[in-house]
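Report on the structure given below.
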Amino acid sequence: MTQPANAIPRAYEAGAVERRIYQNWWDSGYFAPHANPSGEPFCIVMPPPNVTGELHLGHALTASLQDALTRWHRMRGDPTLWLPGKDHAGIATQWVVERALADEGTNRHDLGRDAFEQRVWEWVERYGNTIDEQHRRLGASCDWSRLRFTLDPGPVRAVRTTFVNLFSKGLIYRHERIINWCPRCATALSDLEVDYEERDGKLYYIRYPLADRADDYVTVATTRPESMLGDTGVAVHPDDERYQDKIGRMTLLPIVGREIPVVGDPAIEIEFGTGALKVTPGHDVVDFEIGERHGLPIVNIIGFDGCITDAAGPKYAGMERFAARAAVAEELEALGLLERVEDYHHAVGQCQRCSEVVEPLISLQWFLNVGQHTDPNSIAGRAYAAVANGTIEIVPERFTRVYLNWLENIRDWCISRQLWWGHRIPVWYCADCGGFAAHVEDPTACEACGSAAIQQENDVLDTWFSSGLWPHSTLGWPEEGSDDLSEFYPNSVMETGYDILFFWVARMIMLGIENTGQIPFRSVYLHGMVLDAEGQKMSKTRGNTLDPLDLLEQYGTDALRFALTTGTAPGNNLRLSDEKLESARNFANKIWNAARFVITAIEGRNDLDDWHDLIAPEHREDRWIVGRLDALTAAVNESLAEFELGEAQQKLYDFVWNDFCDWYIEMAKVRLRDGDSGAAVTLVHVLERSLRLLHPFMPFVTEEIWQNLTSRVPAPAEGLPPSIMVADYPQVRSVRSAPDAESEMDVVMQTIRAVRNIRAQLRIPAAQRLEAAIETNGLRTVVEEEREAIRVLARVEPLRVLDGDAAQSAAGVSLVVNPLVVRLPLAGIVDLDAESQRLDQELENTRRNQERVEQLLANAKFVSKARPEVVEKERERLHSLTEQRERIEDIIAQLSA
RNA sequence: GGGCGGUUAGCUCAGAUGGUUAGAGCGUCUGCUUUACACGCAGAAGGCCGGGGGUUCGAGUCCCUCACCGCCCA
């Protein structure tokens with residue numbers, strides 16, 4: 001139902017249209033991929049947000065970018081799939097639910113594993129859909145019928161299959177090794193899940209007396225004195241002259257009374273502390289390695305609960321580790337063995353999830369052997385090669401190096417977590433024969449001895465293990481003959497934040513190649529972080545978060561999307577401010593009002609048949625704007641192909657606001673008054689194409705206008721699609737280039753600007769009538785034909801057009817817009833002196849400019865070495881400047897005559 | 001310790017492959033109820049492109065170096 005043009009609101013009211021439009025898209029089935037043999041399948045799999053999470057600006061950014069790419073490809077006719085999903089997010093979700101339990105005064109152990117899992121599932125039911133709804137508010141055109149959850153049967157099967165395969169190859173293994181342990185979450189963490197934060201601490205200098213000479217000692221420096229309870233050695237650099245006599249001798253570990261050796265190890269930094277390092281193989285990764293090299297025993301003195309164990313002796317057993325730190329220091333002090341304590345600023349590892357200080361300790365865990373990046377057959381090696389040889393492209397390119405560096409230093413991945421929420425490791429232990437095996441399907445008996453006394457492993461897998469399968473597990477792998485898998489794998493693009501390059505992107509590449517023999521995606525597009533207006537990271541604790549839903553209510557979804565993705569380059573962080581959002585909202589409103597004008601202008605017309613293709617417009621202004629439109633179309637497509645979405649949008653903004661609204665529409669008004677039908681047709685044509693170009697970025701306002709507009713114009717012979725989102729994305733097939741129109745319009749616009757400028761300078765009110773005469777100097781036809789445009793836009797009345805060099809009184813002001821000269825007889829407003837001063841200044845500028853170009857062209861090296869077209873351009877410039885100079889000189893001569 | 005990014009207008013940022021007198025938004029100043037839009041129109045001011053050196057006919061752009069800010073890895 002079309003409303004009358006005058007009923008269209010003056011300002012774009014986003015809230016009123018968005019839900020209706022989205023519902024309509026969904027009901028029409030546009031989000032599902034549509035087969036097209038001539039298109040190339042395009043697929044983005046959405047980075048699955050945490051199932052209990054809420055949308056934040058990072059999600060809004062990622063969704064805006066993915067939706068834009070998706071809509072672009074869909075409009076190009078590619079079979080397009082944007083597959084949405086959600087992540088069970090093991091440790092994060094468990095942490096959230098455990099906190100809720102704590103508020104209720106209970107905990108997961110009281111509940112028991114089954115009840116706890118049940119409890120988490122309830123959370124998932126309750127909160128799991130909010131983020132989907134929020135994505136819909138953002139206009140995300142993903143195919144909700146394919147929504148996947150990491151704990152769905154398909155992905156579960158993918159996880160188990162992967163595990164079993166890797167287990168059978170011997171690449172997944174169980175081993176006792178030093179790992180990062182979070183005492184609060186009570187689980188092992190991977191190296192990546194530990195964040196290092198600089199903290200103020202102390203450096204304790206402790207004397208370890210020699211076992212055979214109580215008056216001699218080695219002083220060690222440590223930030224964790226309590227760990228000395230587990231020391232089994234002291235290490236110094238083998239070349240350190242201070243300790244030559246100590247290496248190989250025994251020291252007596254204070255408090256504990258254990259005799260431990262002094263060993264020489266090249267890993268020790270001579271400069272640090274005293275150059276002597278106490279070695280605690282059970283609680284430090286570096287010490288663990290030193291211990292291995294020298295066969296030092298391991299003593300575990302800190303338990304999984306973060307308390308000192310019995311192994312440290314009865315005095316400290318059971319004491320919390322930080323209490324023990326103070327107590328040990330105190331006792332050493334009392335023993336006279338604490339030499340000194342210094343303030344010391346150092347990095348402390350903490351749990352990414354709960355910020356608890358992590359404790360390195362020895363534990364039995366499951367690992368994935370990823371091998372070395374140099375081994376072309378290893379998991380890491382293949383993931384390395386895929387990026388190194390360009391099979392996978394990372395945008396922006398600089399992250400390629402970051403990715404490769406990480407793989408160069410990669411270690412085996414600790415994949416087991418002592419959590420209850422997640423993919424339980426599919427390994428069963430037999431109580432009778434002691435064997436164990438991995439299975440895709442739950443077994444009923446031990447495969448070795450047939451005993452039914454089997455029990456599944458308690459640990460679950462690192463969340464990133466299942467996310468690492470996402471590009472193929474969501475498409476049906478490992479099922480044979482999955483259509484989606486063959487159509488959309490490898491995915492086209494993986495769009496995500498650079499902060500999870502290692503966590504996720506690298507794992508997807510490793511596991512994707514491992515499982516399918518193919519790369520998971522062709523391109524990785526990394527976006528930056530959304531910061532607040534002050535450049536601070538947004539966080540709940542800082543209290544500087546902005547809720548995307550609030551912003552989209554306030555400014556409109558299109559404005560939010562535009563603000564998030566314009567004015568930033570790939571991989572760069574962006575600051576979001578009210579100003580940016582306002583500017584985007586203003587742009588949406590500008591488009592809205594331009595459309596309102598066009599719709600009003602075409603009301604009641606029946607001469608618009610050609611609007612859709614507009615192959616060869618005749619009028620200069622039409623040829624100009626259509627030429628600009630084609631150039632824009634090519635540039636936008638090019639930018640999109642290079643993932644330069646910000647640039648594409650900037651170009652659209654400039655074109656719509658400057659070329660179309662400020663110039664074309666204003667000039668068209670003049671012609672419309674004269675009943676020119678070409679202007680009306682061109683207005684519709686340019687507006688409609690601009691809407692299509694803009695649609696991937698601003699889906700709602702463009703759809704609303706597009707429906708309004710197309711319902712009022714005759715349909716082209718081939719018909720019109722029912723929605724802009726399934727219309728063709730404009731492409732330039734044969735350029736309607738118009739270089740003559742471009743340069744002629746340039747003179748016209750410059751002339752108008754020159755008059756406006758002088759008017760402002762001389763403070764002549766806009767309403768005051770201003771006579772003008774233009775000397776055409778060879779451009780008579782152009783000036784005659786654009787006379788009305790110039791007259792109205794420059795507000796000159798009357799406007800006379802003079803032949804070439806027709807002598808003219810120099811009284812007043814003369815503006816040189818080469819080759820034109822605009823005469824404004826402003827006698828009484830401008831006196832002769834002022835005008836000749838102005839002209840002298842003008843002449844000086846021109847002269848300087850001319851000299852610069854002359855010098856350039858006089859330089860033989862420039863002429864011989866620069867590209868010919870550059871030289872030619874300079875020659876033309878010189879010609880024009882010379883002409884301009886002569887004209888100014890003529891006027892000055894007339895003035896003084 | 002290694003690596004990466006940043007340093008461009010008052011503020012926030014763009015500036016393929018080196019090529020006019022370096023751009024935008026916001027802000028500032030001056031005008032304007034011009035019948036699409038004051039979420040607007042017209043005009044203006046404002047930049048040794050962080051410092052130094054180099055390559056080149058020509059450098060914001062390439063190379064070296066220094067400084068400061070931020071990030072990643074150890």
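Reminder, nothing fancy here: chain letters follow the sequence lines and each chain counts from 1.
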message: Judged by each residue's nearest nucleotide on RNA chain B, which is more toward the 5′ side, A:I665 or A:E874?
response: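 Checking each residue's closest nucleotide, the 5'-ward one belongs to A:E874.
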- request: Nearest-nucleotide wise, let me know which of A:N409 and A:Q650 is further upstream toward the 5' end of RNA chain B.
  value: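 Here A:Q650 is the residue nearer the 5' end.
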Checking contacts here: which listed nucleotide ([options]) is nearest the side-chain heavy atoms of [X]?
{"X": "A:K669", "options": "B:rA36, B:rG19, B:rU21", "answer": "B:rA36"}
{"X": "A:R673", "options": "B:rU21, B:rG19, B:rU35", "answer": "B:rU35"}
{"X": "A:N405", "options": "B:rG3, B:rA36, B:rC57", "answer": "B:rG3"}

- prompt: Once each nucleotide of nucleotides 38-47 of chain B is scored for protein heavy atoms under 4.0 Å, what B/S/- sequence comes out, 5' to 3'?
  reply: SBSSSSS---
task: State the dot-bracket string of RNA chain B. Criteria: Watson-Crick or G-U wobble, both atom distances under 3.5 angstrom; notation: ( ) intrastrand, [ ] crossing earlier pairs, | interstrand, . unpaired.
output: (((((((..((((.....[...)))).(((((.......))))).....(((((..]....)))))))))))).
field: Near-ring test A:F697/A:F562, centroid separation under 6.0 angstrom
entry: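 No: the rings miss the under 6.0 Å criterion.
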field: Carboxylate-amine/guanidinium proximity below 4.0 Å for A:R224 and A:D284
entry: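 Looking at A:R224 and A:D284, the cut-off is met.
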Can you tell me how far [atom2] of [N] sits from [atom1] of [X], to the nearest Å?
{"X": "A:L501", "N": "B:rG5", "atom1": "CG", "atom2": "C1'", "value": "14 Å"}
{"X": "A:N572", "N": "B:rG6", "atom1": "CG", "atom2": "C1'", "value": "9 Å"}
{"X": "A:L531", "N": "B:rG6", "atom1": "CG", "atom2": "P", "value": "15 Å"}

Are the side chains of [Y] and [X] in contact, using a 4.5 Å heavy-atom criterion?
{"X": "A:V755", "Y": "A:I790", "result": "no"}
{"X": "A:V370", "Y": "A:M510", "result": "yes"}
{"X": "A:L65", "Y": "A:Y525", "result": "yes"}
{"X": "A:I602", "Y": "A:L683", "result": "no"}
{"X": "A:R787", "Y": "A:L799", "result": "yes"}

- prompt: Are a donor atom and an acceptor atom from the side chains of A:Q761 and A:N757 found within less than 3.5 Å of each other?
  reply: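 Checked: A:Q761/A:N757 side chains pair up, N/O donor to acceptor below 3.5 Å.
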- request: Look at all strands and tell whether A:R795 reaches a base, only sugar-phosphate, or nothing, counting heavy atoms closer than 4.0 Å.
  value: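 Contact class for A:R795: base.
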- prompt: Would you say the side chain of A:Q649 and the base of B:rA14 hold a donor-acceptor pair, judged only by whether the two atoms sit under 3.5 Å apart?
  reply: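 Counting by modelled atom types and ignoring angles, no donor-acceptor contact under 3.5 Å is found here.
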query: Looking only at side-chain N and O atoms, does A:R867 come under 4.0 Å of OP1 or OP2 in B:rG19?
result: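 Negative; the distance criterion is not met.
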When the [atom1] atoms of [N] and [M] are considered, how many whole Å apart are they?
{"N": "B:rC66", "M": "B:rC4", "atom1": "P", "value": "14 Å"}
{"N": "B:rG52", "M": "B:rC57", "atom1": "C1'", "value": "24 Å"}
{"N": "B:rA24", "M": "B:rC62", "atom1": "C1'", "value": "26 Å"}

Distance, nearest 0.5 Å, that separates CG of A:L629 from CG of A:D659: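 Output value for this atom pair is 10.0 Å.
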